[in-house]
Protein chains: 2
Amino acid sequence: MTSDLTPVRPVHLDRSSPVPLYYQVATRLQELIEKGEIGVGARIENEVDLAERLGVSRPTTRRAIQYLVERGMLVRKRGVGTQVVHPKVRRPVELSSLYDDLVAGDRAPRTEVLDLKVIPASDAIATSLSLTPGTEVTWIERLRYAGGEPLALMHNAIPVDVLTVTEADLAAHGLYELLRRAGHVPRIATQVIGARSASAPEARILAEKRGASLLTMTRTAWDAAGKALEYGSHLYRASRYSFELNLSAG
Amino acid sequence: MTSDLTPVRPVHLDRSSPVPLYYQVATRLQELIEKGEIGVGARIENEVDLAERLGVSRPTTRRAIQYLVERGMLVRKRGVGTQVVHPKVRRPVELSSLYDDLVAGDRAPRTEVLDLKVIPASDAIATSLSLTPGTEVTWIERLRYAGGEPLALMHNAIPVDVLTVTEADLAAHGLYELLRRAGHVPRIATQVIGARSASAPEARILAEKRGASLLTMTRTAWDAAGKALEYGSHLYRASRYSFELNLSAG
DNA sequence: GTCAATACTTTGTCATGACAAACTGACTTG
DNA sequence: CAAGTCAGTTTGTCATGACAAAGTATTGAC
């Protein structure tokens with residue numbers, strides 16, 4: 001009866017696939033929205049009809065829609081319907097590493113390992129990682145290039161029982177990729193982002209003038225079981241880098 | 001049979017309340033976890049038993065638990081159970097204003113309104129707010145103090161149909177509080193955080209030396225319906241302020 | 001004793017059915 | 001004509017039932 005109601009046409013759901021039905025539906029909807037086949041502001045079919053046409057139950061349809069609502073792509077109003085709002089915003093905040101970001105952005109990352117050793121954790125690091133002071137951690141110092149220019153000076157401490165790495169590993173992969181490969185998936189992190197002026201040696205390494213503004217970021221990451229995986233203290237050239245965040249609030 | 005299984009004892013659910021049952025259950029669980037009555041690492045009762053004891057259905061119990069999982073307080077593993085992980089981390093990222101943060105932190109905020117006028121939106125601002133260039137916006141320039149010292153120089157542009165404010169309003173309240181009071185609830189925002197050196201006038205206003213490092217933050221915020229509410233471009237004294245973020249990833 | 005197969009526990013997914021609450025729009029009434 | 005009422009639409013909440021998948025513990029064979 002309403003005219004701006006956009007029916008979601010061809011759907012191929014694979015019931016034998018290990019991918020959950022609700023996720024298949026959500027993915028399909030997301031594609032349609034991103035391709036613009038369902039324009040911003042348009043209402044989508046109501047749950048009940050959509051479920052019937054797709055041949056799935058209403059809870060399954062609801063779950064798919066809910067998934068996209070949480071990502072900020074859809075908005076629902078009781079008695080009104082479900083509308084497309086924001087095709088771009090996907091996830092609230094990415095828990096990814098600089099390396100992944102650069103690869104995704106075609107910025108030709110390169111990593112130079114300046115230092116790699118096992119040391120007893122200092123009090124500050126032990127506190128950040130919830131370890132007893134003196135526990136052995138791997139200390140990593142890296143210089144990250146993008147497009148041939150230095151971009152960031154990165155320091156990390158990782159408990160030895162979490163990960164053992166070689167220089168070659170670090171040169172070829174991002175730290176988070178190595179963590180994930182070792183079976184440690186970061187799930188929760190606390191970050192502090194600040195700024196300060198570069199000291200003389202920092203400026204030299206990063207090819208900046210002394211006193212240039214640097215972005216600082218310290219982060220501690222935990223896995224799903226609450227085990228601390230990584231402490232990082234990084235310096236970025238503010239002239240070349242900034243943090244982008246997408247927030248969404250319930 | 002397992003020993004670290006913590007039964008959730010006294011529960012009073014109000015079925016006549018307008019507050020959903022799943023939310024009542026979630027709130028109750030959250031209290032127990034925050035009070036430490038269910039310690040970190042402890043397993044909670046399995047869904048089926050918990051549901052039966054509470055006198056609610058399994059989906060309702062699941063939804064309550066899911067709610068806490070998304071907030072990073074619980075972790076579930078199929079075949080294993082549900083564990084408490086991180087009582088502190090609550091919400092992934094807060095969509096709040098600096099003023100709210102300062103009030104919450106007892107830092108005695110004060111706001112000085114430097115400029116307040118209605119102007120046609122520049123191209124850049126119009127783009128950020130998804131307006132047609134030339135649409136009238138309220139332009140606000142504020143200096144925020146904390147503990148008697150200048151902390152941030154804030155510039156905002158707000159579509160005139162969203163909010164009309166007086167100097168007195170701005171001096172006494174945070175911008176987000178005023179927005180919410182006017183019925184505009186920010187739900188989605190994109191932020192860019194960077195750094196640069198202070199120009200001479202900026203340094204003078206913020207009581208810093210020329211060339212001092214400043215944190216920059218630009219943000220655009222939208223409401224649930226996708227209407228742009230606010231564009232902000234802010235400067236923070238890096239020596240006094242940093243951004244804290246809690247991330248969680250699925 | 002060690003390793004593999006089996007049983008058990010627990011969460012994950014999905015269906016069906018029902019009623020409540022919020023919003024819209026048309027209709028009725030003063 | 002204006003305002004309130006009422007029906008229709010759509011999402012929100014909740015229950016019950018069933019099976020699948022993953023992880024753990026036990027058992028049995030060699």
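The chains referred to below are lettered A, B, ... by the order of the sequence lines, with proteins before strands, and numbering in each begins at 1. Hydrogens, waters and symmetry mates play no part in the numbers below; they use all other heavy atoms, side chains included.
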Think B:Thr82 has a side-chain N or O under 4.0 angstrom from the OP1 or OP2 of C:dT11? yes

Which part of the nucleic acid, if any, lies within reach of A:Arg63 when heavy atoms closer than 4.0 Å are counted: base, sugar-phosphate only, or nothing? sugar-phosphate

Separation of C:dT9 P from B:Leu50 CG (nearest whole Å): 18 Å

In whole angstroms, the gap separating C1' of D:dT24 from CG of B:Asn46 amounts to 14 Å

Hey, are B:Asn156 and B:Glu230 close enough side-chain-wise for a donor-acceptor pair under 3.5 Å? yes

Could you state the CG-P distance from B:Leu21 to C:dA21, rounded to the nearest angstrom? 13 Å

Would you mind reading off the distance between B:Leu74 atom CG and C:dT10 atom P, rounded to a whole angstrom? 16 Å

Side-chain N or O of B:Thr60 closer than 4.0 Å to phosphate OP1/OP2 of D:dA15: yes

Donor-acceptor contact below 3.5 Å, side chain A:His184 vs main chain A:Leu229: no

May I have the distance from B:Glu45 (atom CD) to C:dT11 (atom P), rounded to whole angstrom? 10 Å

Could you check how far CD1 of A:Ile44 sits from C1' of D:dT9, rounded to whole Å? 15 Å

Tell me the interatomic distance from A:Asp14, atom CG, to C:dT13, atom P, rounded to whole angstroms. 16 Å

Take atom CZ of B:Arg43 and atom C1' of C:dT11, then tell me their distance rounded to the nearest Å. 12 Å

Side-chain N or O of B:Arg62 less than 4.0 angstrom from OP1 or OP2 on C:dT11? no

Tell me which of A:Arg15 and B:Val48 sits closer to the 5' end of DNA chain C, going by the nucleotide each one is nearest to. B:Val48

Chi angles and distances behind the salt bridge (Lys or Arg N to Asp or Glu O under 4.0 Å) call for B:Arg58, B:Asp49: CA-CA 9 Å; B:Arg58 193 181 155 214; B:Asp49 292 354; over 6 Å; no

Sorted by chain and residue number, the side-chain hydrogen bond (donor to acceptor under 3.5 Å, both in side chains) partners of B:Glu136 (sequence neighbours excluded) come out as none

Please answer whether the main-chain N or O of A:Leu116 pairs with a side-chain N or O of A:Glu167 as donor and acceptor at a distance below 3.5 Å. no

Counting N and O atoms only, with roles assigned by atom type, does the side chain of B:Ser130 sit under 3.5 Å from a partner on the main chain of B:Ala126, one being a donor and the other an acceptor? no

Hey, do the aromatic rings of A:Tyr23 and A:Tyr67 have their centres closer than 6.0 Å? yes

Shortest side-chain distance from B:Tyr22, nucleotide among C:dT10, C:dT11, D:dT13: D:dT13

With the sugar-phosphate defined as primed atoms, P, OP1 and OP2, and the base as all remaining atoms, what B/S/- string results for nucleotides 16-22 of chain D, 5' to 3', for protein heavy atoms under 4.0 Å? B-B--BB

